[in-house]
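One structure is given below, encoded as structure tokens.
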Amino acid sequence: MSNDRLIVALDVPNVVQGLALADRLGDAVSFYKIGLGMLTGGGFALANELKHERGKRVFLDMKLFDIGATVEAAVRGIAQHGLDFLTVHGDPQVVRAAAEGKAGTDTKILAVTILTSLDRADLDANLIRPGDLAEITVERAARALAAGADGVIASPQEAARIRALPEARGKLIVTPGVRPAGAALGDQKRVATPAQAMVDGVDHIVVGRPIWQAADPAAAARAVLAELT
């Protein structure tokens, strides 16, 4: 088992705290996610430090969404830094632009389907078309993969259906909303345990607070990894 199946979300305010947490996690973790919450706190510098100085894998979770030319330019600039994963919204025109931007690099473009913090009531409030949330998620995944995404971000509850898609052959499924048994849900609404996520065909799980809020983050990370066996 490669421990890069666990991606730890560094949801702390700044690069200093991010590096301190990485120090505490040590060899227990080889893959980190850095998101928008740390962007103004040195997140991009942290990404480069972890990738190029410490030999870690890095998932830059920017969820880019804009006109095609802007997305393509942004992805082209980010991809030059050699980071492993980058997220964009799963709209096909956004995905196509991102695929153009990362061309010739090893950066994987992951398309966001429906955020794991949302349920059907949230989709109604956002004027998303009526229908079953899981079906909409799977359809968005299929369209994003057909448009050139290297993988998708989806809740573990939709992972098995996405894995069964013809478009998902050889593609990545990365799932936030994963909680060890007994952990608090926080703002997540569509969740599963690490073990169930693996059964459903997920390649990587993303876990944040249950690890970095633990008294011993390294031990918490190892406990999650133990659930993946």
Side-chain angles (χ1 to χ4, degrees), residues 1-39 41-63 78-87 102 105-110 112 116 150-154 156 159 163 170-181 183 192-229:
M1 181 189 69
S2 172
N3 66 2
D4 72 356
R5 292 193 296 177
L6 169 64
I7 302 175
V8 173
L10 290 177
D11 296 329
V12 293
N14 56 57
V15 63
V16 174
Q17 293 184 41
L19 288 173
L21 179 56
D23 286 339
R24 295 185 69 190
L25 288 165
D27 292 337
V29 174
S30 64
F31 210 154
Y32 288 102
K33 180 177 84 74
I34 297 171
L36 280 172
M38 202 197 286
L39 188 61
F44 202 71
L46 176 61
N48 280 308
E49 167 80 11
L50 291 171
K51 176 68 179 179
H52 301 296
E53 302 298 327
R54 301 194 179 201
K56 304 294 186 180
R57 301 187 72 192
V58 175
F59 167 10
L60 196 62
D61 188 18
M62 295 289 103
K63 298 183 180 73
I78 292 170
Q80 299 308 309
H81 292 265
L83 304 180
D84 296 276
F85 295 169
L86 173 66
T87 49
K102 74 103 179 190
T105 74
D106 292 328
T107 298
K108 303 296 186 186
I109 299 298
L110 303 181
V112 177
T116 54
D150 298 297
V152 295
I153 305 290
R163 179 52 70 202
K171 300 297 180 79
L172 296 164
I173 301 176
V174 180
T175 60
V178 174
R179 290 289 183 267
T193 63
Q196 186 60 51
M198 289 294 116
V199 168
D200 290 336
V202 168
D203 296 286
H204 300 275
I205 62 170
V206 180
V207 182
R209 280 163 289 193
I211 290 176
W212 61 259
Q213 288 183 342
D216 185 341
R222 291 190 182 98
V224 172
L225 286 166
E227 291 190 45
L228 301 182
T229 59

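Hydrogens, waters and symmetry mates are skipped; everything else that's a heavy atom, side chains included, is used.
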How close do [X] and [Y] get, heavy atom to heavy atom, and via which atoms?
X	Y	value
Pro176	Ile153	CD-CG2, 3.5 Å
Thr193	Glu227	CB-OE1, 4.3 Å
Thr105	Ala79	OG1-CB, 3.6 Å
Ala220	Ala214	CB-CB, 3.7 Å
Pro194	Val224	CG-CG1, 4.0 Å
Val202	Ala159	CG2-CB, 3.6 Å

With a cut-off of 3.5 Å and sequence neighbours excluded, list every side-chain donor-acceptor pair involving residues 16-28.
{"unit_1": "Asp23", "atom_1": "OD1", "unit_2": "Arg54", "atom_2": "NH1", "d": "2.7"}
{"unit_1": "Asp23", "atom_1": "OD1", "unit_2": "Arg54", "atom_2": "NH2", "d": "3.4"}
{"unit_1": "Arg24", "atom_1": "NH2", "unit_2": "Ala215", "atom_2": "O", "d": "2.8"}

With the side chain counted from C-beta on, respond yes when [X] and [Y] share a heavy-atom pair under 4.5 Å apart, and no when they do not.
X	Y	result
Leu10	Leu46	yes
Val207	Val8	no
Asp200	Arg163	no
Thr107	Ile78	no
Thr175	Val206	no
Leu39	Ile34	no

- Message: So, applying salt bridge (Lys or Arg N to Asp or Glu O under 4.0 Å) with Lys33, which one of Asp61, Asp4, Asp84 is it?
- Response: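 Single salt bridge (Lys or Arg N to Asp or Glu O under 4.0 Å) partner of Lys33 among Asp61, Asp4, Asp84: Asp61.
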Tell me if a side-chain donor or acceptor on [X] pairs with a main-chain N or O of [Y] at a distance below 3.5 Å.
X	Y	result
His52	His81	yes
Thr87	Met62	yes
Arg5	His204	no

Taking atom [atom1] of [X] and atom [atom2] of [Y], what is their separation to the nearest 0.5 Å?
X	Y	atom1	atom2	answer
Leu50	Ser30	CG	OG	11.5 Å
Gln196	Met198	CD	CE	11.0 Å
Ile173	Leu110	CD1	CG	11.0 Å
Leu86	Leu60	CG	CG	6.0 Å

- Parallel under 30°, tilted from 30 to 60°, perpendicular over 60°: which one fits the rings of Phe85 and Phe31?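 The rings of Phe85 and Phe31 sit tilted, inter-plane angle from 30° to 60°.
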- Message: Taking Asp216 first and then Arg222, would you say they form a salt bridge - that is, a charged N and a carboxylate O separated by under 4.0 Å?
- Response: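 No.
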- Lys/Arg N to Asp/Glu carboxylate O, Asp150 vs Lys102, below 4.0 Å: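 Counted as a salt bridge, because a side-chain N and a carboxylate O are separated by less than 4.0 Å.
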- Take Lys108 and Leu172, measure what side chain to side chain contact (heavy atoms under 4.5 Å, CB included) needs, and give me the verdict at the end. CA-CA 9 Å; Lys108 303 296 186 186; Leu172 296 164; 4.2 Å; yes
- Query: Can Ile211 and Leu6 be said to form a side chain to side chain contact (heavy atoms under 4.5 Å, CB included), step by step?
  - Reply: CA-CA 11 Å; Ile211 290 176; Leu6 169 64; 4.0 Å; yes
